[in-house]
Amino acid sequence: MADDRLAGLTEAGVSIWLDDLTRAHLVDGHLRRLVDDSHVVGVTTNPTILAASLARPEPYAPEIRELARAGVAVGDAVRQLVVADVQQACDLFREVWEATAGVDGRVSLEVDPALAGNREATVVDAVSLVRAVGRPNLSVKIPATRAGLPAITDALALGVDVNVTLIFSVARYRAVMAAYLAGLERALDHGTSLSGIHSVASFFVSRVDVEVDERLDKIGSDDALALRGMAGVANSRLAYQAFRETFTGPRWERLQAAGARVQRPLWASTGVKNPAYPDTMYVSELALPGTVYTMPEATLRAFADHGVVRGPDDRQSAAGDAAQAQEVIDAVAAAGVDLAEVLTFLERDGVDRFAHSWAELHDTVGRALAEATR
């Protein structure tokens, strides 16, 4: 039955990517089993995930001792350790990548989050990661900050596959898709084959509910409290409607005729943070055709155990109820929540969190290197 539920999610047009990557799960075959048995066709990382993995140094001990003996600097050691994990994951997913013509089988690795405000440095780091990993199924994650938007276009024009991350608002999502189209157009003008360029746009879900719910609780009216747990899904459905609107019409048709693929929406931050809510609600509500769903393993297991996939009629309703989603967003605003402020805060907070995790990662490796020399 668990397999049936996850298979049903795949049959609904959703690609399941795991939101986790650890050396331990690469070594013990756990990730391989998820690919073989649980319909997982990709994996994403972020600085927080990488910091958590390297906080358990045992699987890395031999390499850390070697790096310490060679006197490798902390930053270079971090790069080597992370790249080694990503290379192994890329190799694991290579068959999926080949079977899906590059659509799935992807492994994401983020540029240094400290570069989020620097267009040129972001592109340089993206190209450096591509060269360091040396695998065709790598996707480089670039934050959707204002400075990140032109960097996304630049990277795509160079043929870099990009996972655009930290998208919270529909307006910013539209700008991300515009950056994607501009990148494809530049690549086409340079004679680059568009069929080999892939991208997803990571739209964050649960963090929206966390912030909006906190404000609704402070307002405390019956109308406000009745809206808790609704903004994340409504915001995401409006994003899906924007996706459907963008990839149609003459501009897109020209690119599509040259081999371009749509930039799929990827639902991120999908673990339910409030235990009062169903633990699979974001999966069930956003199982929409042509999307990627990246989830932590706890969410994957929960859905395998008791998740519900909408039937075809229900999926069409979910895809088409942008008007209902807009009503929810309007009601949240009418209750007194400044959504523009919420979404701006979430982007800034997301960048800050990843930068903090990146610093923690360097501190962890620095301590391990120091201990290895004693």
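Here the structure is a predicted model, which is why all the values come from computation and not from measurement.
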Query - Short side-chain donor-acceptor distance under 3.5 Å, N163 and S202 - result: yes
Query raised in the report: Any chance the side chains of T44 and D19 put a donor and an acceptor closer than 3.5 Å?
Result: yes
Query - ring pair (Phe, Tyr, Trp, His ring centres under 6.0 Å) contacts touching residues 171-198 (sequence neighbours left out) - result: Y173-F203
Query raised in the report: Going through the distances and angles, do R228 and E214 end up as a salt bridge (Lys or Arg N to Asp or Glu O under 4.0 Å)?
Result: CA-CA 9 Å; R228 289 177 298 185; E214 180 179 338; over 6 Å; no
Report task. With sequence neighbours left out, write down each residue that passes salt bridge (charged side-chain N to carboxylate O under 4.0 Å, His left out) with D338, or none if nothing qualifies. Result -> none
Query - Salt-bridge present (R264, D104; N to O < 4.0 Å) - result: yes
**Report entry** Distance-only side-chain donor-acceptor flag, D213 / Y277, under 3.5 Å
**Finding:** yes
Query raised in the report: Thinking salt bridges, do D363 and R367 make one under a 4.0 Å N-O criterion?
Result: no
Report summary line: d(T246 OG1, R174 CZ) to nearest 0.5 Å is 5.5 Å
Requested in this report: Determine whether the side chains of S108 and K141 contain a donor N or O and an acceptor N or O closer than 3.5 Å.
Outcome: no
Query raised in the report: Do D330 and Q326 have side-chain atoms, one donor and one acceptor, less than 3.5 Å apart?
Result: yes
Report task. Report the distance from atom CZ of R186 to atom OG1 of T153, rounding to the nearest 0.5 Å. Result -> 6.5 Å
Query raised in the report: What residues, two or more places apart in sequence or in another chain, satisfy side-chain contact (heavy atoms from CB on, under 4.5 Å) together with A368?
Result: I64
Query raised in the report: Got a sec, which residues hit side-chain contact (heavy atoms from CB on, under 4.5 Å) with P47, two or more places apart in sequence or on another chain?
Result: E110, P113, F354, S357, W358
Query raised in the report: Salt bridge check: are E211 and R215 linked by an N-O gap of less than 4.0 Å?
Result: yes
Query raised in the report: So, R353 and D349, do they make that salt bridge, N to O below 4.0 Å?
Result: yes
Query raised in the report: What residue pairs, at least two apart or across chains, pass ring pair (Phe, Tyr, Trp, His ring centres under 6.0 Å) with a residue in residues 105-137?
Result: none
Report task. Establish, from distance only, whether the side-chain atoms of T299 and T270 form a donor-acceptor pair under 3.5 Å. Result -> no
Report task. Please identify each residue that fulfils ring-ring contact (aromatic ring centres under 6.0 Å, His included) with F204, with sequence neighbours left out. Result -> F168
Query raised in the report: For the residue pair H30 and H25, does the interplanar ring angle fall in the parallel (under 30°), tilted (30 to 60°) or perpendicular (over 60°) class?
Result: tilted
